[in-house]
Amino acid sequence: MATIYYTATSLDGYLATTDHSLDWLFEVPGAAEAESGIGDFMAGIGALVMGSSTYDWLLEVEKPHEKPGAWQESFGERPSWVFTHRDLPAVPHADIRFTQAPVDQVHAEMTAAAGDRDIWLMGGGDLVGQFDDAGLLDRVMVSIAPVTLGAGAPLLPRDIRSDRLTLTGVSQVGQFAELSYDVKPKAAT
Ligand SMILES: NC(=O)c1ccc[n+]([C@@H]2O[C@H](COP(=O)([O-])OP(=O)(O)OC[C@H]3O[C@@H](n4cnc5c(N)ncnc54)[C@H](OP(=O)(O)O)[C@@H]3O)[C@@H](O)[C@H]2O)c1
């Protein structure tokens, strides 16, 4: 069982523009085909977690709270945690748990729920950084788009040096470069 940060990113290390747009990602030629490879990854996932901006984006763009079954189409019945200090709209019939508990406590709940499957850290970058701060990040898998944004939501705003990162996979999927790194968990701070 591993805790994996899996995301697409711009070449200069942003998850989204400053106004949380992902248009730059979906307009890459062949993006839809590249995204279809997520099925294999999802098969190994037992629980997922995201921050509230990522959840806001999902609600705004995919409208799962208005379209029955849309959440399940993306995530199946996997339990999902959303970190927030706000009251956010729920998605009917989806197992979504809003939390502001310490990440190690949430990670323990996720581990219990995921069984022998992996945990997907969807982002954003600082939330993933909080898991790393707690010594709970095992792998980073990035799909790099042929785009620079200059500014935006950062991929992983932490100081993680090469003594903690081992490149384990490199592949090309259309216009995307996919890199996998094993992460040596840091001693919790
Ligand atoms: N390129 C991709 O494939 C990809 C993947 C993931 C995300 N994204 C996009 O990247 C952007 C990420 O946005 P972001 O950097 O703002 O990150 P985010 O993690 O999605 O959201 C950050 C927010 O989560 C809440 N939060 C974080 N840690 C918390 C904690 N410990 N306790 C309670 N609440 C906590 C806070 O909001 P509250 O005000 O609610 O407390 C915080 O402002 C989004 O636009 C998303 O759609 C893109």
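Order of appearance sets the numbers: ligands from 1, and atoms from 1 within every ligand. By convention here, the first residue in the shown sequence is residue 1.
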> What atoms in ligand 1 come closer than 4.0 Å to a heavy atom of H85?
Replying inline: 32 (N), 33 (C), 34 (N), 38 (P), 40 (O), 41 (O)
> Quick one: nearest non-hydrogen protein atom to atom 22 (C) of ligand 1, plus distance?
Replying inline: S53 OG, 3.8 Å
>> Side chain or backbone, does R86 bring an N or O within less than 3.5 Å of an N or O on ligand 1?
In response: yes
> Are any of the N or O atoms of S52 closer than 3.5 Å to those of ligand 1?
Replying inline: yes
>> Looking at H107, is its backbone amide N or carbonyl O close enough to the side chain of Q105 to form a donor-acceptor pair, meaning the two atoms are under 3.5 Å apart?
In response: no
> Do S52 and R86 come close enough that some side-chain heavy atom pair is under 4.5 Å?
Replying inline: yes
>> Once you restrict to heavy atoms under 4.0 Å, what part of M122 touches ligand 1? Side chain, backbone, both or neither.
In response: backbone
> What residue and atom, counting heavy atoms only, is the protein's closest point to atom 27 (C) of ligand 1, and at what distance?
Replying inline: Q130 NE2, 4.0 Å
> Ion pair present between K186 and D159, side-chain N to carboxylate O less than 4.0 angstrom?
Replying inline: no
>> Apply side chain to side chain contact (heavy atoms under 4.5 Å, CB included) to residues Y5 and M122 and explain how you reach the verdict.
In response: CA-CA 6 Å; Y5 181 27; M122 292 181 65; over 6 Å; no
> So, does D118 use its side chain to make a donor-acceptor pair with the main chain of I45 at under 3.5 Å?
Replying inline: no
> Considering only the protein, which heavy-atom contact is closest to atom 15 (O) of ligand 1, and what is its distance?
Replying inline: A153 CB, 3.7 Å
>> Which residue and atom name correspond to the protein heavy atom nearest atom 10 (O) of ligand 1, and how close is it?
In response: L15 CB, 3.4 Å
> Salt bridge or not for D126 and R158, using N-O below 4.0 Å?
Replying inline: yes
> For ligand 1, is there an atom lying under 4.0 Å from some heavy atom of T7?
Replying inline: yes
>> Quick check on contacts: which atoms of ligand 1 are under 4.0 angstrom from a heavy atom of G123?
In response: 19 (O)
>> Starting from atom 19 (O) of ligand 1, what is the nearest protein heavy atom, named by residue and atom, and what distance separates them?
In response: G124 N, 2.8 Å
> Any heavy atom of M50 sitting closer than 4.0 Å to ligand 1?
Replying inline: no
> What do you reckon, does W57 have a nitrogen or oxygen under 3.5 Å from a nitrogen or oxygen of ligand 1?
Replying inline: no
> Under 4.0 Å from ligand 1, counting heavy atoms only, is it the side chain of F83, its backbone, both or neither?
Replying inline: both
> Quick one: nearest non-hydrogen protein atom to atom 45 (O) of ligand 1, plus distance?
Replying inline: H20 ND1, 2.6 Å
>> Tell me whether T148 contacts the main-chain N or O of G150 through its side chain, where contact means a donor paired with an acceptor under 3.5 Å.
In response: no
> Among L25, V61, T54, which one has a heavy atom closest to atom 46 (C) of ligand 1?
Replying inline: T54
> Identify the closest protein heavy atom to atom 9 (C) of ligand 1: which residue and atom is it, and at what distance?
Replying inline: A16 CB, 3.8 Å
> Of L165, D138, L136, which meets side-chain contact (heavy atoms from CB on, under 4.5 Å) against V183?
Replying inline: L165
>> Just to confirm my output: which protein heavy-atom neighbour is closest to atom 40 (O) of ligand 1, and how far is it?
In response: T84 OG1, 2.5 Å
>> Between D95 and R78 (salt bridge meaning N to carboxylate O under 4.0 Å), is one present in this structure?
In response: no
